[in-house]
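Encoded as structure tokens, the structure appears first; notes follow it.
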Protein chains: 2
Amino acid sequence: MALGKDYATQECSIARALEVVGERWTLLVIRDALYGVRRYNDFLVHLGIPRAVLANRLQTLTAEGILEKRRYQESPPRDEYVLTDRGIALWPALRALGIWGREQLGGEPMRTFWHADCGTELSPYGACPTCGALVAVRDIDMRPGPGLDPDPADPVSRALLGPRRLLQPIETEQQGPARRRPA
Amino acid sequence: MALGKDYATQECSIARALEVVGERWTLLVIRDALYGVRRYNDFLVHLGIPRAVLANRLQTLTAEGILEKRRYQESPPRDEYVLTDRGIALWPALRALGIWGREQLGGEPMRTFWHADCGTELSPYGACPTCGALVAVRDIDMRPGPGLDPDPADPVSRALLGPRRLLQPIETEQQGPARRRPA
DNA sequence: CAAGTCAGTTCATTGACCGAACCAACCCCG
DNA sequence: CGGGGTTGGTTCGGTCAATGAACTGACTTG
């Protein structure tokens, strides 16, 4: 949201959090990053966000220490954006929002979350009913739920069809340059 | 945020939740409502939100079934805005955001939350360590924390100084009409 | 009736978002 | 080397929302 001057005067941790991650699109970028999206173009097509806004959000989130920009190849220089611990710590907030959305706005669950170590589905607040303890984000398996309606035209959406570990990088088929077309 | 057309295409409960409560100021209005704020003017001065935006948000939230508009006196007709169950259900998401804000952005806790029945401070995810179970929002006591820096000019801020039950309506001193001034 | 409160609405200005176009670096193929 | 293609941006005009200040209208009290 970036309430600018007004949020700054708020005597509240919630307001300060929203000052950083409350802007339009920001939490969805972080959600995608948790799902394993790391590259500019993957965010772009999966979110349907305007290019300028995405560039702005990635820069802001990097400056806030929520994402880290990392060179992952040199030949054509390419960077990826990876969540830091500070970004990963937003998982409980995102999950709480998602649960509210499903319970209150109706619909089948789109994705379900499981403790990878023991195969139990997570409780609403992220604990494992079998183990009793909170589950680290890296130990969470995400599986498609009955309400999921993927977009076949979107490589990221396709990559998220199978069960996946959270934060595990998505491999969209690199289409490489200059492929001659069939016709 | 109200991503408008774009959020609608998102195959995700988080996006649908943000479509409803993600706009600027919206979550802060709901936070205040959880703290017991109910009246237009109290939201106005406590949040420092532009009047037009507040009116818009209250109307939207009422239409979404998150707030309920209620006539509480007739002589000058006055309405108050009270959280519905759907609105109260946002408490875990707001708490998760607040915890992230405090842990990641630094600072002392502004407010602490306790199980009213047994006097134990709540765990980060809203459970009572003593009783073991989740605590209903109405059974939560809010107490000022070390980081709280109240604004003496704001009646709501003053009313929130003492320990309070969540959702318990705030009584700002009704100043009534037409008071002659000291000078 | 004057003065003041509460809950808005109206309005001009500013800023953010949007979509499309454009650009630069690079890579491969012929 | 040139053409075509991809990635990751930036630039630009149009539009839409937020902001702050002023105004309205119902009401009440002195």
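When rounded to the nearest whole Å, the span between CD of A:Glu74 and C1' of C:dA25 equals 13 Å. Rounding to whole angstrom units, CD of residue A:Glu80 and P of D:dG8 are separated by 10 Å. In this entry the distance linking CH2 of B:Trp25 with P of D:dA17 reads 18 Å, nearest Å. If you take CZ of A:Arg24 and P of D:dC16, they are 12 Å apart, rounded to a whole angstrom. A straight line from CG of A:Asn56 to P of D:dG9 spans 12 Å, rounded to a whole angstrom. Between A:Arg71 atom CZ and D:dT7 atom P there is a gap of 16 Å when expressed in whole angstrom units. Atom CG of B:Leu54 is separated from atom P of D:dG20 by 13 Å (rounded to the nearest Å). To the nearest angstrom, C1' of C:dC18 lies 13 Å from CG of A:Leu44.
Taking side-chain N and O atoms only, B:Lys69 has no distance below 4.0 Å to OP1 or OP2 of C:dA7. In this model, the phosphate group of C:dC17 is approached by a side-chain N or O of A:Arg57 to a distance below 4.0 Å at OP1 or OP2.
For CD of B:Gln59, the number of neighbouring non-hydrogen atoms (other residues, nucleotides, ligands) closer than 6.0 Å is 12 at most.
Of the two residues contacting DNA chain C, namely A:Pro76 and B:Ala55, the nearest-nucleotide position lying further toward the 5' end is that of B:Ala55. Sequence order on DNA chain D of the closest nucleotides to A:Gln59 and A:Arg78 puts A:Arg78 first from the 5' end.
Here A:Tyr81 lies in heavy-atom contact (under 4.0 Å) with sugar-phosphate atoms only.
Note on B:Ile170 and B:Leu67: same hydrophobic cluster, where clusters join Ile, Leu, Val, Met, Phe, Trp and Tyr whose side-chain heavy atoms are under 4.5 Å apart, directly or indirectly.
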Between A:Trp25 and A:Phe43, is a ring-ring contact (aromatic ring centres under 6.0 Å, His included) present by the stated rule, with each step listed? CA-CA 11 Å; A:Trp25 295 109; A:Phe43 286 111; over 10 Å; no
Would A:Trp114 and A:Arg143 satisfy side chain to side chain contact (heavy atoms under 4.5 Å, CB included), going step by step from the backbone distance to the final call? CA-CA 8 Å; A:Trp114 307 70; A:Arg143 307 184 190 168; 3.4 Å; yes
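Not a single donor-acceptor contact under 3.5 angstrom links the side-chain atoms of A:Arg51 to the base of C:dG19.
Here D:dG8 is the nucleotide among C:dC26, D:dA18, D:dG8 with the atom lying nearest to any side-chain atom of A:Arg39.
Using modelled atom types and a 3.5 Å distance limit, the side chains of B:Asp32 and B:His46 yield a donor-acceptor pair.
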